[in-house]
Amino acid sequence: MEKKFKQLSNKGDLAILKIALFGPESTGKTTLAKELAEHFQTAFVPEFARDYLQEKWDTSGQICDVNDMLPIAYGQLNLENQSLVSANEFLFCDTNLMVTKVFSEVYYNFCDPLLDKAARKHEYDLFFLTDIDVPWEKDDLRDKPDGRETVFSIFKQSLIDNNKPFITISGTKKERLEKAIQIVDDLARAKKMGLSSHDFVQIFEHGISIDNIISQLDLFKNGISKAILVEPAMVSSGILKLSEKDFQAKADFFDANKANFKLEKFVPASGAASRMFKFLNEFLNEFDIEKETINAYINRKKASELSIFIVGMNKFPFFETVYLKLKSKFPNFDSLERDYKNYYFIKYLLSPDYFDFANKPKGVLLFHRYTAHNATAIEEHFYECANYSSSNGKASLHFTVSESHKMLFEDIEKNTKKKVEKESGIAIETHYSFQNKSTDTIAVTPNNKPFRDENGKLLFRPGGHGALIENLNSLGADIVFIKNIDNVAQNRIKSIAMYKKALAGILMELQQQVFRYLNEMDHFQEDDLNEIVAFTTTKLNIELEENFHKYKLEYKIDYLKTILDRPIRVCGMVKNEGEAGGGPFWVRDNRGNHSLQIVETSQVDLVNENQVKILSSSTHFNPVDLVCGIRNYKNEKFDLTQFIDHNSGFIVEKNSYGKIVKSYELPGLWNGAMAKWITVFVEVPLITFNPVKTVNDLLKTAHQPQ
């Protein structure tokens, strides 16, 4: 028998993908296997045990016992190998040796070593584990409706323990078939790419489509086209400049009309604060207090940031908290030498055993010191939300966070939100969302081959803030204010709120005009279009196709509808003061069309002298100060994923497991992810831009008490 098993198990056709149905009794295995075989017009391997047991019952009146397990397994393998002859690309098996092995263990608490060995060794390209979310159906040979959950768990665990590639298939009969067909098609494509079955299952469980994997691997191989800069956007050439009186008028317009809109503030807040404390981590890693003084280290490393930190240490809002902890740990702390005090302060600030600031999200760190308390960035966003993103006595604040940090945000919310609501008279509803795992991207080696970790698994990395377009797309608001978690100020909140409301007022006015045109355009005549064309080119800064005026009226109307029926974003721009990051530019696409875009340095061809010259002549900077209209003129939500420029992502190098890997970051949230929106740039004062990129930024005037 062992020789027969070995002979049968070795038979097969590498060109045929073998799919095994797997699961307890009455879970739809047979039906699904038959339907898949019919759909793909290929061979179906029936369940040998059914005919075998029926024949035994008819001749002896006995049901099976443990001695029948080996003959059943042998007969099943024989059927499978016979069916390979008539199969095309796929072979679908109603059951398999692993099923027989599990039943032997469940029913008889024993499995013949020969069957056990053969079941573990015999391979399929994929197992479909059929779920128990279907009604139990009795048959003449099997009747065990109780304990389905337990048996299902045993089946699932057997696949896990034996490292078999499997996907659980659930749902109605129709849903199962549709899902399985798509999975089989994708598996075939993955195999042709050189990926293994385990790779495919890992990709599937991550929620990433094979199309995306193929696209990302192509991008690594072929590179990403650089943005083609035409000229920087400037005041009177793409950037709107308003007087203080005009700003106030736009803010008043917003206040007068906001009751008709559902508003929401959207704050990307999932990143850790590691960059804030990078220079302090370097200090702890490189400094030996037994061998040199801190001043010697500062001079040796030219560590000016460390010097600024130490001089201003007592002005940080977290100083008192860390100091008291040090006093409790070291009763003689005040009598220690200055170097030891400073060293231990920094060490406790970053130590995972104490404050662990570098590994926490920025939002939960203390940013500002007030008379009665210290405030986090989260609390400041609650105040901002109440001041400018509220209507009808209500406000909605949405944070994108990492799943592991959500509880930290919720704890701060519990301790601060009620106070803000009481002071402002605004009821604030808070929402949280996570970056979807399906937006992660595959990492590759420097030679563009899929990177594998020490266990041989594919490595996926977060797709960057561009992935948050999915989170933004899920909002039910009419108008969304977007602002980074670290861009808050301790002072001037009323002034900052006025400028934010003014941007929203500009959006409302533009939106009203766009919606009116879209509602009335079908009734326009040739002469009527002149008004729309003037508005589109002068107010929205949209360049029309070169031959637009030669087209027939019907085409002109269709074309104008296409370019106007889009989400709208009004972006605050500050004067460029050398901050690292994106700026506003006129960009030319591959069809020769010009549009206003926020462009990061990494998107520019830095080898091209002309492009570098345009980049360096930028007059304004993007502080991520956006107000977005995400509903159309029919009051329907836009599908924001339809307005992404998928060719504007980034390829970056990272270190993983001590090796260099290349990673793809999705088109940025305010870059390529919004590339096909209607975009209006407005110059706003520098007082609206107060980011905290390093911890020393908290020493600036905007973050210090007045």
Side-chain angles (χ1 to χ4, degrees), residues 244 247-248 251 265 267-269 271 273 275-280 304-305 307-321 357 360-389 397 399 412 416 420 423-424 481-503 571-583 620-627 682-706:
E244 286 298 301
F247 270 120
Q248 188 60 62
K265 186 177 183 187
V267 182
R275 291 183 185 178
M276 275 182 67
F277 301 96
K278 182 181 178 183
F279 70 91
L280 293 180
S304 58
E305 288 181 300
S307 178
I308 292 169
F309 178 87
I310 291 173
V311 169
M313 189 181 289
N314 64 342
K315 294 182 179 180
F316 287 111
F318 49 77
F319 174 79
E320 191 72 17
T321 304
F357 271 21
K360 289 180 178 177
K362 284 185 182 181
V364 306
L365 303 183
L366 294 174
F367 265 35
H368 299 147
R369 185 175 53 182
Y370 291 95
T371 303
H373 78 295
N374 294 322
T376 62
I378 295 172
E379 180 178 334
E380 301 292 16
H381 276 287
F382 277 122
Y383 278 107
E384 282 201 10
C385 187
N387 269 274
Y388 61 74
S389 181
L397 179 56
F399 293 105
I412 293 173
T416 62
V420 177
E423 292 178 14
S424 65
F481 295 84
I482 300 180
K483 199 176 186 188
N484 276 340
I485 186 66
D486 64 331
N487 186 14
V488 289
Q490 181 163 353
N491 315 299
R492 309 170 182 156
I493 191 168
K494 294 295 182 183
S495 296
I496 291 171
M498 188 273 285
Y499 291 112
K500 291 292 284 188
K501 291 194 288 185
L503 295 180
C571 311
M573 294 287 138
V574 296
K575 288 184 178 179
N576 193 343
E577 292 199 334
E579 293 280 355
H620 288 73
F621 173 79
N622 160 45
V624 188
D625 191 4
L626 286 72
V627 186
V682 181
E683 183 182 280
V684 292
L686 278 167
I687 64 166
T688 63
F689 184 47
N690 306 289
V692 180
K693 300 305 179 186
T694 81
V695 65
N696 286 348
D697 286 333
L698 292 175
L699 299 175
K700 293 179 178 178
T701 302
H703 301 287
Q704 288 292 311
Q706 298 296 299

| Heavy-atom side-chain proximity of Lys500 to Val684 below 4.5 angstrom | no

| So which heavy atom on Asn491 is nearest to which on Ile496, and how close? | O-CD1, 4.2 Å

| field | Where Leu686 and Asn690 come nearest, the two heavy atoms and their spacing | value | O-OD1, 4.4 Å

| request: Applying side-chain contact (heavy atoms from CB on, under 4.5 Å), run through Asp625 and Thr688 and close with a yes or a no. | output: CA-CA 9 Å; Asp625 191 4; Thr688 63; 4.2 Å; yes

| Which atom of Ile412 lies closest to which atom of Gly363, heavy atoms considered | CD1-O, 4.5 Å

| What distance separates Ile310 CD1 from Asn696 CG, expressed to the nearest 0.5 Å? | 10.0 Å

| task | Rounded to the nearest 0.5 Å, what's the gap from CD on Glu305 to CG on Leu280? Could you check? | result | 8.5 Å

| note | From the list His703, Glu379, Gln490, Gln704, side-chain hydrogen bond (donor to acceptor under 3.5 Å, both in side chains) partner of His368 resolves to His703

| query | Any side-chain heavy atom of Leu503 sitting closer than 4.5 Å to one from Phe481? | reply | no

| task | Taking the side chain as every heavy atom from C-beta outward, state whether Lys360 and Leu365 have any pair of such atoms under 4.5 Å apart. | result | yes

| note | In short, Ala273 meets Phe357 closest at the heavy-atom pair CB-O, 3.7 Å

| task | Would you give the length of the straight line joining atom CG of Asp486 to atom CE of Met276, rounded to the nearest 0.5 angstrom? | result | 8.0 Å

| request: Identify, with sequence neighbours excluded, every residue that meets ring-ring contact (aromatic ring centres under 6.0 Å, His included) alongside Phe316. | output: Phe309, Phe318

| message | Nearest 0.5 Å, please: how far is CZ in Phe689 from CG in Asn622? | response | 8.0 Å

| query | Can you find a pair of side-chain heavy atoms, one from Pro268 and one from Ile485, that are under 4.5 Å apart? | reply | no

| note | Rounding to 0.5 Å, atoms OG1 (Thr416) and OH (Tyr383) come to a distance of 8.0 Å

| field | Whether His381 side chain and Thr376 backbone form a donor-acceptor pair below 3.5 Å | value | no

| said: For Lys693 and Arg275: C-alpha separation, side-chain torsions, deciding distance, then whether side-chain contact (heavy atoms from CB on, under 4.5 Å) applies. | reply: CA-CA 7 Å; Lys693 300 305 179 186; Arg275 291 183 185 178; over 6 Å; no

| What's the shortest heavy-atom distance between Pro691 and Asn487, and which atoms? | N-OD1, 3.9 Å

| Partner of Ile308 under side-chain contact (heavy atoms from CB on, under 4.5 Å), chosen from Val695, Leu699, Thr694 | Leu699

| Any donor and acceptor pair, going by atom type alone, linking the side chain of Lys362 with main-chain N or O of Val692 inside 3.5 Å? | yes

| Quick one: ring-ring contact (aromatic ring centres under 6.0 Å, His included) partners of Phe247, sequence neighbours excluded? | Tyr499

| said: Run the salt bridge (Lys or Arg N to Asp or Glu O under 4.0 Å) test against Glu683 and tell me which residues pass, sequence neighbours left out. | reply: Lys241

| Can you tell me how far the CZ atom of Phe621 sits from the NZ atom of Lys575, to the nearest 0.5 Å? | 16.0 Å

| query | Can you name the closest pair of heavy atoms from Pro623 and Gly572 and give their distance? | reply | CD-O, 3.0 Å

| said: Tell me if the NZ atom of Lys278 is crowded by more than 12 foreign heavy atoms within 6.0 Å. | reply: no

